[in-house]
Amino acid sequence: MNQIKNLLIVLMFFLSQFSFSISPNKETLSQKYSDYFPVGTCLSAGEFGSNSIKNTDTELLNQYNLFVAENSMKPELLRTDNRGWNWNYADSFIKYTRSRGVKVRGHVLVWHQMTPWWMTAGGKSEAKKVLTDHINKLVKRYKNDIYCWDVVNEGVSDVYGYRKDSPWYKAYGGPEYIGDAFIAARNADPDCLLFYNDYNLTMPNKRSMVKKMIRDLDLINKGLDGIGIQAHWSLNWPSISAIEKTINTFYEMGLLVEITELDITCYSPIRENEKEKKYDSKLEDKLAKRYKEIFELFRKNAEKINSVTMWGISDNESWLNHFRGFNFYNEVRANYPLIFDKDQKPKKAYKEIMDF
Ligand code: G3I
């Protein structure tokens, strides 16, 4: 019995030499991609009870040379009910990024979600004043820290044109708020890069609608510099060719292209009732293969891609643990969408995107 035990101990020790970990003197992800594009991720600064800045191992944070605030710069977290400001979370995020000397994406000036009711409660002219004032103060405060802003997030619906359920669309009685947001951001900072950010842009009809919006609202003359492709993708969708077509479509319009929110769900992107999966070797291999093919595509198109940002620092921090189909849930259904696992250890997917 003892012999077996000793053999197991030796075996475990031997295997532990091959367990994948990040060592301080190893090349980081952003160093590996320094000739291609900056590589970033989103961080929480204490909002919603999660603080990935404080809770993440420095070796992991060192992997990235670009960060974006997951939630702390959203209107609901920045503004108080009496039209005031709560800068705590956003300032603590910026304090951290200043200490790192990294690139910072601004997310998000105007969105249909997480927007206090009072911002759009008045009619069109009141909403325009609120929108312009909000953008002016926020952009100016971080003018020297933030190189680009997601000025408008998700202003187009997946199926029928503009997102008419946006409180901004309703207050304005139409999509004009989108152009006003770009004008306000450009007036606040002549140098900052201004992006329109959205998901499902690999869907041809949504992609065409965004192109139409850019033309109809004359957004390039109002300050638009680029498109943020939210890469909330799954193991089998969208196809590599659809991703490449989307990158090319906006690049050929003369726009900058940034991959802004990359994560890969292991569940159906539409069905809500899939049972929780285990992160077994089969799933690990599938995820690794998917990240490998996606980053091969990114490297092949590096001259068209201005940055790549993951959406989360490690699996346990991912919003996807609370999201199924199209809805948020209190209870967690474990998801494994990122390249670092719930214990902040690099996954096979990390190895695959480093191995070229
Ligand atoms: O942490 C709490 C948890 O303790 C609680 O039990 C649970 C249920 O109330 O809520 C958890 O906080 C949630 C948090 O996500 C968890 O990460 C918040 O309620 C929820 O509002 C928050 O949602 C954020 C979502 O935007 C809505 O603002 C996600 O963090 C954030 O990742 C997500 O990011 C968006 C981008 O800004 C825009 N593109 C889509 C992307 C995904 O929805």
Side-chain angles (χ1 to χ4, degrees), residues 40-56 66-79 86 89-90 93 104-117 119 138 146 148-158 163 165-168 178 181 195-203 206 210 226-234 238 246 258-267 269-270 272 276 307-338 340 342:
T41 192
C42 69
L43 292 173
S44 52
E47 73 281 359
F48 298 126
S50 118
N51 193 325
S52 53
I53 292 176
K54 287 213 168 75
N55 304 335
T56 303
L66 180 155
F67 290 108
V68 58
E70 181 171 17
N71 292 301
S72 50
M73 290 195 179
K74 289 173 179 171
E76 186 180 288
L77 285 151
L78 270 175
R79 303 307 298 268
N86 165 19
Y89 296 126
F93 169 74
V104 183
R105 294 196 88 251
H107 178 79
V108 55
L109 298 177
V110 175
W111 192 21
H112 63 283
Q113 288 189 33
M114 296 190 78
T115 296
W117 63 273
M119 294 186 86
L138 177 48
I146 289 181
C148 80
W149 272 101
D150 287 335
V151 175
V152 173
N153 197 46
E154 304 168 11
V156 165
S157 98
D158 276 356
R163 176 185 288 279
D165 65 351
S166 159
W168 292 104
I178 297 172
F195 279 74
Y196 172 78
N197 189 50
D198 212 331
Y199 61 89
N200 285 355
L201 294 182
T202 54
M203 289 163 64
K206 184 161 186 178
V210 167
I227 295 289
I229 300 176
Q230 289 185 26
H232 295 297
W233 294 333
S234 67
T246 306
E258 297 203 349
I259 304 296
T260 52
E261 305 183 11
L262 176 58
D263 49 26
I264 306 283
T265 182
C266 65
Y267 298 99
I270 45 177
E272 305 214 354
E276 182 171 282
S307 75
V308 172
T309 301
M310 313 288 298
W311 203 247
I313 195 87
S314 54
D315 284 346
N316 60 310
E317 289 280 345
S318 171
W319 68 288
L320 285 169
N321 293 309
H322 287 278
F323 198 73
R324 298 182 211 157
F326 300 98
N327 294 304
F328 271 96
Y329 288 83
N330 279 351
E331 68 282 358
V332 168
R333 177 182 69 174
N335 209 322
Y336 316 96
L338 299 164
F340 291 94
K342 62 179 175 47

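For ligands, and for the atoms within them, numbers begin at 1 and follow the listed sequence. The first residue of the sequence shown is numbered 1, and numbering continues consecutively from there.
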Report task. Have a look at Glu70, Lys74, Met114 and point out the one with the heavy atom closest to atom 26 (O) of ligand 1. Result -> Lys74
Report summary line: Looking at Leu77, Val68, Asn153, the heavy atom closest to atom 38 (C) of ligand 1 belongs to Asn153
Compute whether any side-chain donor of one residue and acceptor of the other, for [X] and [Y], lie under 3.5 angstrom apart.
X      : Y      : result
Ser52  : Ser44  : yes
Gln113 : Asn153 : no
Ser318 : Asn335 : no

Query raised in the report: Got Ser314 and Leu338 here, is their nearest side-chain heavy-atom distance under 4.5 Å?
Result: no
Query raised in the report: His107 versus Met73: any side-chain heavy-atom pair under 4.5 Å?
Result: no
Give yes if a backbone or side-chain nitrogen or oxygen of [X] is under 3.5 Å from a nitrogen or oxygen of ligand 1, and no if not.
X      : result
Trp111 : no
Glu261 : yes
Phe48  : yes
Trp319 : no
Gln113 : no
Glu317 : no
Trp311 : yes

Atom indices of ligand 1 within 4.0 angstrom of [X] heavy atoms, with elements:
X      : result
Asn330 : 8 (C), 9 (O)
Asn71  : 24 (C), 26 (O), 28 (O), 29 (C), 30 (O), 31 (C)
Glu154 : 38 (C), 39 (N), 40 (C)
His232 : 40 (C), 41 (C)

Query - Donor-acceptor under 3.5 Å (His322 side chain, Val332 main chain) - result: no
Query raised in the report: Between the main-chain N or O of Ser234 and the side-chain N or O of Thr265, is there a donor-acceptor pair closer than 3.5 Å?
Result: no
Look at [X] together with [Y] and state whether they make a salt bridge at an N to O cut-off of under 4.0 Å.
X      : Y      : answer
Lys342 : Asp315 : no
Lys74  : Glu47  : no
Glu331 : Arg324 : yes

Query raised in the report: Under 4.0 Å from atom 1 (O) of ligand 1, is there any protein heavy atom?
Result: yes
Query - Protein contact for atom 4 (O) of ligand 1 (heavy atom, distance under 4.0 Å) - result: no
Query - Residue portion contacting ligand 1 (non-hydrogen atoms closer than 4.0 Å) for Phe328 - result: side chain
Query raised in the report: With a 4.0 Å heavy-atom cut-off (strictly under), which part of Val108 contacts ligand 1: side chain, backbone, both or neither?
Result: neither
Query raised in the report: Would you call Glu76 a ligand 1 contact, heavy-atom distance under 4.0 Å?
Result: no
Report task. Scan Tyr329, Phe328, Tyr267 and name whichever one has a ring-ring contact (aromatic ring centres under 6.0 Å, His included) with Phe323. Result -> Phe328
Query raised in the report: Pick one: which of Trp319, Trp311, Trp233, Tyr336 meets side-chain hydrogen bond (donor to acceptor under 3.5 Å, both in side chains) with Asp263?
Result: Trp319
Query raised in the report: In the protein, what heavy atom is nearest to atom 36 (C) of ligand 1, and what distance, to one decimal place, separates them?
Result: His107 NE2, 3.4 Å
Query raised in the report: Closest non-hydrogen protein atom to atom 16 (C) of ligand 1, residue and atom name please, with distance?
Result: His322 CD2, 4.2 Å
